Amino acid sequence: MTEPEREVLTWATFGDASRDLTKKIVDDGFVPDIVIAIARGGLIPAGAIAYAIGVKAAGTLNVEFYSDIEETLPDPVVLEPLLDTDSIVGKKLLVVDDVADSGRTLALVIDLLKAHTPDVRSAVIYTKPRTIVRPDYSWRETDKWINFPWSTLPVIT
């Protein structure tokens, strides 16, 4: 059995991708007050974008959905620690994740945040054609499984 073709993002390409993605956000005129990373996959992209756009305020929302390659829980689940929602009221938020695959995680987070502030936009490195949520900003579209440089090596034990 042959291994399916994969989209491979290297660290070097990630640097270019995060800068290109940030340029799309800036060119659109959107300057967020806070960058919110969807942990874990969005942590590194969110940090890169926050630095590139010059936003120091950052937060995370921990969501578990994927349990293995192409395997998910029945629904995305928000994990502790929770985001301090008092600090986001009335703020412009940029939610960042690595990929909008099914889009269910992104939809959950956007809905949660829009209960506290109306201006919530999203940015991802990759968008899959099947996603139920089209991110406001995306670097590239693919239908392949993606090997991210931060998650392809085995866990260190």
Side-chain angles (χ1 to χ4, degrees), residues 1-55 57-79 83 92-114 119-156:
M1 188 167 144
T2 59
E3 184 75 17
E5 188 179 354
R6 296 177 183 247
E7 178 85 21
V8 177
L9 184 69
T10 65
W11 281 113
T13 306
F14 167 70
D16 294 337
S18 63
R19 297 291 295 186
D20 291 348
L21 184 54
T22 303
K23 185 154 180 17
K24 288 180 181 184
I25 297 163
V26 170
D27 287 350
D28 193 39
F30 185 66
V31 180
D33 298 308
I34 305 170
V35 174
I36 306 287
I38 298 178
R40 294 179 310 181
L43 287 170
I44 295 168
I49 291 168
Y51 269 104
I53 207 168
V55 173
T60 60
L61 198 56
N62 297 290
V63 181
E64 182 179 24
F65 190 38
Y66 278 86
S67 54
D68 203 350
I69 295 174
E70 298 288 348
E71 290 180 18
T72 64
L73 300 173
D75 292 298
V77 178
V78 176
L79 305 174
L83 182 68
K92 293 187 291 184
L93 306 179
L94 180 65
V95 175
V96 181
D97 206 355
D98 52 358
V99 60
D101 191 327
S102 69
R104 291 176 62 200
T105 298
L106 199 55
L108 171 70
V109 171
I110 290 169
D111 288 347
L112 286 172
L113 296 176
K114 280 192 172 182
D119 202 352
V120 179
R121 298 195 194 175
S122 58
V124 298
I125 302 295
Y126 288 101
T127 300
K128 299 269 185 105
R130 67 182 180 203
T131 184
I132 62 169
V133 173
R134 297 301 299 180
D136 296 287
Y137 311 101
S138 179
W139 176 65
R140 186 173 284 172
E141 186 162 314
T142 186
D143 61 356
K144 300 173 188 165
W145 185 261
I146 305 155
N147 286 352
F148 290 101
W150 50 84
S151 63
T152 53
L153 295 175
V155 173
I156 298 170

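In this chain, numbering begins with 1 at the start of the sequence shown. This one's a predicted model, so the numbers in the text were calculated from it and none came from an experiment. Values below: every heavy atom of this structure, side chains too, minus hydrogens, waters and symmetry copies.
- Considering OG1 of Thr105 and CD1 of Ile110, their distance stands at 10.5 Å, rounded to 0.5 Å.
- Between Trp150 and Pro45, the closest side-chain pair of non-hydrogen atoms falls below 4.5 Å.
- One finds the CG atom of Asp20 at 9.5 Å from the CD1 atom of Ile125 (value rounded to the nearest 0.5 Å).
- Rounded to the nearest 0.5 angstrom, Asp101 CG and Trp145 CH2 are separated by 6.5 Å.
- Proximity of Asp136 to Ser122: side-chain heavy atoms (C-beta onward) are separated by under 4.5 Å at one or more points.
- Looking only at side-chain heavy atoms (C-beta outward), Phe148 and Ile44 stay at 4.5 Å or farther from each other.
- For Lys24, the NZ atom counts as densely surrounded, since its 6.0 Å shell holds more than 12 non-hydrogen atoms of other residues, nucleotides or ligands.
- Of the possible polar contacts, none joining the Ser18 side chain to the Ile49 backbone as a donor-acceptor pair under 3.5 Å is found.
- Interatomic distance, CG of Asn147 versus CG of Leu9, reported as 9.5 Å (0.5 Å rounding).
- For the atom pair Thr131 OG1 and Leu106 CG, the distance stands at 6.5 Å (nearest 0.5 Å).
- Listed here is the closest heavy atom pair of Gly41 and Asp97: C-OD1, 3.7 Å.
- Put simply, the side chain of Asp143 does not reach to within 4.5 Å of the side chain of Glu7, judged on heavy atoms.
- What you find for Ala107 and Val133 is that their closest heavy atoms are CB-CG2, 3.4 Å.
- The neighbour count for Arg121 CZ, taken as heavy atoms of other residues, nucleotides or ligands under 6.0 Å away, is above 12.
- Salt-bridge check for Arg134 with Glu141: passed, with a basic side-chain N closer than 4.0 Å to an acidic carboxylate O.
- Taken from CH2 in Trp139 to CZ in Phe14, the straight-line distance is 10.5 Å, to the nearest 0.5 Å.
- Nearest approach of Val55 to Pro32, heavy atoms of both residues: CG2-O, 3.5 Å.
- In this structure, Val124 and Ser138 have side chains that are in contact, with non-hydrogen atoms separated by less than 4.5 Å.
- Residues Asp119 and Phe30 form a side-chain contact, since some pair of their non-hydrogen atoms from C-beta on lies under 4.5 Å apart.
- The backbone N or O of Lys144 sits less than 3.5 Å from a side-chain atom of Lys128, completing a donor-acceptor pair.
- Heavy atoms of other residues, nucleotides or ligands lying less than 6.0 angstrom from CZ of Arg19 number 12 at most.
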